[in-house]
Number of protein chains: 2
Amino acid sequence: MRIVKEAEERRNEILDAADELFSQKGFDGTSTNDILEKVGIARGTLYYHFKSKEDIMDALIERYNVRLLDAAREIAAEKSVPVNVRILRAVMALNMSGGSGEEIMEHIHKPQNALMHQKIQRAILNGVVPILADLIREGIEQGLFKTPFPYECMEMVVAYANAVFDGDMVELTDEERLTRIQAFVFNVERLLGAESGSLMFVMQMFTGGEGDGHE
Amino acid sequence: MRIVKEAEERRNEILDAADELFSQKGFDGTSTNDILEKVGIARGTLYYHFKSKEDIMDALIERYNVRLLDAAREIAAEKSVPVNVRILRAVMALNMSGGSGEEIMEHIHKPQNALMHQKIQRAILNGVVPILADLIREGIEQGLFKTPFPYECMEMVVAYANAVFDGDMVELTDEERLTRIQAFVFNVERLLGAESGSLMFVMQMFTGGEGDGHE
DNA sequence: TATTACCGATAGACAGTCGGTCGGTAAAAA
DNA sequence: TTTTTACCGACCGACTGTCTATCGGTAATA
């Protein structure tokens, strides 16, 4: 009944289990015993690898954020793609969970996981906004946008997207949602000082297919 | 050792105690025992008046939201005051805690109280935005603003204010904060289609005194 | 090669705390 | 008196985090 593994492997096992459990039942709703059983380890083992239950959550968030920011950076660096498309993709990567093909975000937007949610959002706000702001500056050089506050603009956009495009949207009809998105695009254009309608191509994302699959 | 009071009085005693404790130590950090001791009642009494610990939080939030929204509505109704000033005051009433002279909000913005924070923000977003949107429409009629999406504009503004002007700002220098606010005002002007500089009077609030004391 | 000493990883019993319940009781109202 | 309202505090199960003991591999030593 004694299975020894390398520390990192165990750590990841625990994180994977916790990820799934927190997703299903929330942080508070998941007991450490749940995690123990799922991984098949004893109490001591868990607390050998993590100093507390919250420590597990923090590690989970860290892991998630790294993936998310890496994805965003990668998108931003693809210089062959037009700036506005890159911006769109980078923003999309926040709500849908990046190219990795995981569905972590879904779970996080539940009243239960408020703290996790908050921690992630802070990290996103501080991590993604600079990336986006750089893209905006690129757009400004190209004459696409015109604003003295690229950073603060994106901060606003991301904060809004975080607050509203999470869970709250679910209980809207398709039509209402469409209006919401139209208004969003319109407002972003104004914020960026973009030509009216120049970002409307974004709408395709929501009406038509799910992007183009390339990466 | 047995003190009998009217239900509502006890309820409020409990809420007041919980308010203070949650503020200091957060929701999870506060045990029901803490509350019992502070109020000076027995376990059973607490659960006679509230069905759970979270029920206490919800009641607390409800109480807070009512005050906040009432304050906002009152401000908005003061037709003798120019629209843009009313808007400003209504927004201010969100972060500073309205005219009532209480300091609830201060506490709420702590990593601990994530859930409470979240619940309040949702309520604010759904409650205050319509009030503000009406003010914007009034401003549109007067030719101050020009936007097809008054509601969504304010939604964005409030969401941003909630996300960024909470706690995050604390660790900034005065100068950085000023830039932040300048950018904010600038962006709001753009969103509302207001004349450039027409909302800059807001800056006085942050540089100069704390408003005019009238109500 | 055989022995010793050490260390990372694991186990599980255990203590302490916490949220919530329950049966009973005092006081007020009817 | 009877009924209702408010209150009490012992009690329960569940949970998190701690502590000590131990297993198995590995490197130094004989």
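Below, chain A is the first sequence line, B the second, and so on; all start at residue 1.
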Discussion item. At 4.0 Å (heavy atoms only), tell me whether A:L46 reaches a base, stays on the sugar-phosphate, or touches nothing.
Written reply: nothing
Item to complete: Could you tell me whether B:T45 contacts a base, only the sugar-phosphate backbone, or nothing, with contacts defined as non-hydrogen atoms closer than 4.0 Å?
Response: base
Worksheet item: With respect to the side chain of A:S31, which nucleotide from D:dT16, C:dA9, D:dA6 is positioned closest?
Response: D:dT16
Fill in: Pair A:R11 + A:E8: basic N to acidic O under 4.0 Å
no
Worksheet item: Is A:K51 paired with A:D58 through a side-chain N to carboxylate O contact shorter than 4.0 Å?
Response: no
Please report, rounded to the nearest Å, how far the [atom2] atom of [N] is from the [atom1] atom of [X].
X     : N      : atom1 : atom2 : answer
B:R2  : C:dA26 : CZ    : P     : 7 Å
B:I14 : D:dC7  : CD1   : C1'   : 11 Å
A:I3  : C:dA9  : CD1   : C1'   : 12 Å
A:I41 : C:dA9  : CD1   : C1'   : 11 Å
A:Y48 : D:dT20 : OH    : P     : 17 Å

Fill in: Short side-chain N/O contact from A:R43 to OP1 or OP2 of C:dA13, under 4.0 Å
no
Worksheet item: Are OP1 or OP2 of C:dG8 and a side-chain N or O of A:H49 less than 4.0 angstrom apart?
Response: no
Practice prompt. Taking all non-hydrogen atoms of both residues into account, name the closest pair between B:R190 and A:L191 and its distance.
Written response: NH1-O, 2.7 Å
